[in-house]
Student: 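Quick one: the structure is below, and I'll ask about it shortly.
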Amino acid sequence: MKIKFMLPALVVACMLVTGTAFAGGKKEAPQGGTVHMATKSMTEQFILASMMKTLIEQDTDLTVKLTEGVGGGTMNIQPAMVKGEFDFYPEYTGTGWNNVLKMQGLYSEALFDQLVAGYKELGMSWVGMLGFNNTYGIAVRTEIADQYNLKTLSDLAAVAPQLVFGANYDFFERLDGFDALCQAYGLKFKDTVDMEMGLKYDAIRQKEIDVVNAFTTDGQLSSSNVTVLADDKGFYPSYMCGFVVRDEVLAAHPELLDVFKKVENILTDEKMAAMNYQVEVEGQDPEAVATNFLKEAGLVK
């Protein structure tokens with residue numbers, strides 16, 4: 001007697017829907033779901049996060065869960081990436097080289113392939129390189145620069161013992177941050193203040209600090225009565241901005257690659273600084289600024 005085995009109708013229906021019933025069909029990438037994006041505590045990253053959330057949710061079936069302003073920046077985001085708590089975030093090449101891969105020396109974009117290879121060993125990829133370089137600068141209150149005729153960081157060394165230096169926590173902890181800067185230029189300040197990135201320009205305007213670390217795309221540089229000193233010894237490395245994404249996420253959702261490709265080289269230092277200015281000085285909402293940029297770039301339907 002021959003016995004026939006029957007699959008329940010519900011199982012058959014599920015197999016047909018997923019395209020796996022009776023071999024021969026190619027398994028498609030999962031559709032829908034949620035990806036978790038993190039940002040550091042800075043205006044620039046809030047804008048970039050809004051841009052990517054808009055594009056990903058427009059161009060794919062994915063929903064973006066956003067965690068903004070993670071304290072400690074890379075120092076806390078990267079371990080969370082390793083644990084799978086975050087799926088991707090905006091990062092800077094020089095930061096990845098020194099603070100994640102723990103490589104010594106100045107980073108230049110000639111080392112990008114090595115950077116990518118190092119992240120591959122961590123199960124992560126660099127995608128969506130945006131085109132701008134947010135490197136460091138050191139700014140002093142203009143009245144101090146005028147008083148002591150400060151033009152370069154080497155000039156600053158002579159008067160540093162009279163001045164208070166303010167910066168975000170991440171800058172004090174970085175291998176290429178405060179300690180390395182002081183060693184390179186022989187700087188010894190009267191005192192240091194650890195503060196959130198968004199508060200440092202208020203602090204320098206109110207004369208609570210005299211010197212501050214700045215970024216070349218800072219929107220408030222033009223409105224805070226500060227002077228950026230020349231990096232006459234070429235201390236700072238390159239910090240091109242892109243997105244670090246877990247390879248597991250890209251494998252599960254390859255449609256993300258098309259979205260990241262859309263934003264390659266769409267920004268310059270000047271364009272990023274202009275958007276930062278709109279938020280930090282003019283008080284516009286980061287999401288609105290991001291959406292307006294995407295519309296002007298023809299990326300929003």
Side-chain angles (χ1 to χ4, degrees), residues 39-45 69-79 91-92 94-100 102 104-107 134-239 276 280:
T39 79
K40 304 181 187 185
S41 180
M42 51 196 292
T43 301
E44 180 168 291
Q45 296 231 333
V70 177
T74 299
M75 308 297 288
N76 287 326
I77 295 176
Q78 181 62 26
E91 185 56 284
Y92 306 90
T95 302
W97 183 257
N98 291 120
N99 290 71
V100 176
K102 307 299 183 184
Q104 300 297 316
L106 291 179
Y107 173 81
N134 188 351
T135 192
Y136 281 113
I138 299 298
V140 301
R141 285 192 285 116
T142 298
E143 63 186 88
I144 293 175
D146 292 342
Q147 180 181 353
Y148 296 105
N149 193 30
L150 303 180
K151 304 293 184 185
T152 68
L153 286 173
S154 292
D155 295 337
L156 181 62
V159 298
Q162 305 173 49
L163 307 177
V164 177
F165 185 96
N168 51 289
Y169 170 83
D170 205 20
F171 186 74
F172 287 113
E173 294 297 315
R174 305 165 64 95
L175 294 176
D176 60 347
F178 182 75
D179 289 341
L181 174 71
C182 289
Q183 183 176 2
Y185 281 99
L187 302 172
K188 187 174 182 179
F189 291 95
K190 176 181 178 181
D191 198 3
T192 60
V193 179
D194 178 354
M195 60 183 61
E196 286 296 324
M197 291 183 183
L199 301 177
K200 61 187 180 182
Y201 287 108
D202 286 338
I204 203 164
R205 281 193 291 264
Q206 295 169 13
K207 301 184 179 181
E208 295 173 1
I209 58 176
D210 306 304
V211 187
V212 67
N213 70 313
F215 298 95
T216 52
T217 58
D218 274 353
Q220 295 194 63
L221 281 177
S222 61
S223 64
S224 298
N225 198 26
V226 296
T227 298
V228 179
L229 301 179
D231 178 19
D232 52 306
K233 292 185 178 181
F235 172 78
Y236 290 116
S238 177
Y239 290 97
N276 287 336
E280 296 171 354

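Bear in mind that the values here come from a model prediction, so they are computed numbers and not experimental data.
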Student: For Lys233 and Ala184, indicate whether the former's side chain and the latter's backbone hold a donor-acceptor pair under 3.5 Å.
Tutor: yes
Student: What distance do Phe178 atom CZ and Gln183 atom CD have between them, rounded to the nearest 0.5 Å?
Tutor: 12.0 Å
Student: Quick one about Asn168 and Asn213 (side-chain donor to acceptor, distance below 3.5 Å, no hydrogens or angles considered), yes or no?
Tutor: yes
Student: Test side-chain contact (heavy atoms from CB on, under 4.5 Å) on Leu163 and Leu156 and set out the steps.
Tutor: CA-CA 10 Å; Leu163 307 177; Leu156 181 62; 3.8 Å; yes
Student: Could you check Asp210, Val211, Ile209 and say which one makes a side-chain contact (heavy atoms from CB on, under 4.5 Å) with Phe189?
Tutor: Val211
Student: Would Asn134 and Thr217 count as having a side-chain donor-acceptor pair, cut-off 3.5 Å?
Tutor: yes
Student: Considering only heavy atoms from C-beta outward, does the side chain of Lys40 approach that of Thr95 to under 4.5 Å?
Tutor: yes
Student: Compare all side-chain heavy atoms of Lys200 with those of Asp218 and state whether any distance is below 4.5 angstrom.
Tutor: yes
Student: Testing the basics here: between Glu280 and Gly219, what is the closest heavy-atom pair and its distance to 0.1 Å?
Tutor: OE1-N, 3.4 Å
Student: Are the side chain of Thr135 and the backbone N or O of Pro237 linked by a donor-acceptor pair below 3.5 Å?
Tutor: yes
Student: Could you list the donor-acceptor pairs under 3.5 angstrom formed between side-chain atoms of residues 143-152 and any protein atom two or more places apart in sequence or on another chain?
Tutor:
unit_1	atom_1	unit_2	atom_2	d
Glu143	OE1	Arg141	NH1	3.2
Glu143	OE1	Lys207	NZ	3.4
Glu143	OE2	Arg141	NH1	3.3
Tyr148	OH	Gln162	OE1	3.0
Thr152	OG1	Ser154	N	3.3
Thr152	OG1	Asp155	N	3.1
Thr152	OG1	Asp155	OD1	3.4
Thr152	OG1	Asp155	OD2	3.3

Student: Counting neighbours of CD on Glu196 that are heavy atoms of other residues, nucleotides or ligands and sit closer than 6.0 Å, is the number greater than 12?
Tutor: no
Student: For the residue pair Leu187 and Ala160, what are the closest heavy atoms and their distance?
Tutor: CD2-CB, 4.4 Å
Student: Mind running side-chain contact (heavy atoms from CB on, under 4.5 Å) on Tyr185 and Asp231 for me, showing each step along the way?
Tutor: CA-CA 10 Å; Tyr185 281 99; Asp231 178 19; 2.5 Å; yes
Student: Atom CG of Asp202 and atom CD of Gln220: how far apart are they, to the nearest 0.5 Å?
Tutor: 6.5 Å
Student: So Phe165 and Phe172, would you call those rings parallel, tilted or perpendicular, with 30° and 60° as cut-offs?
Tutor: perpendicular
Student: Do you know the tightest heavy-atom contact between Val193 and Met195?
Tutor: CG1-CE, 3.4 Å
Student: So which atom in Gly186 and which in Ala157 form the shortest heavy-atom distance, rounded to 0.1 Å?
Tutor: O-CB, 3.9 Å
Student: Is Lys102 atom NZ crowded by more than 12 heavy atoms from other residues, nucleotides or ligands, each under 6.0 Å away?
Tutor: yes
Student: Mind checking the CD-CD spacing from Gln78 to Glu91? Nearest 0.5 Å is all I need.
Tutor: 7.5 Å
Student: Are the side chain of Ser41 and the backbone of Val70 linked by a donor-acceptor contact shorter than 3.5 Å?
Tutor: no
Student: Tyr107 side chain to Gly96 main-chain N or O, any donor-acceptor pair under 3.5 Å?
Tutor: no
Student: Less than 4.5 Å apart, side chain to side chain, heavy atoms only: is that true for Leu153 and Phe235?
Tutor: no
Student: Have a look at Arg174 and tell me which of Leu181, Asn99, Asp179 forms a side-chain contact (heavy atoms from CB on, under 4.5 Å) with it.
Tutor: Asn99
Student: Restricting to pairs with a member in residues 195-218, which pass ring-ring contact (aromatic ring centres under 6.0 Å, His included), not counting sequence neighbours?
Tutor: Tyr136-Phe215
Student: Is there a donor-acceptor pair under 3.5 Å between the side chain of Asp194 and the backbone N or O of Tyr169?
Tutor: yes
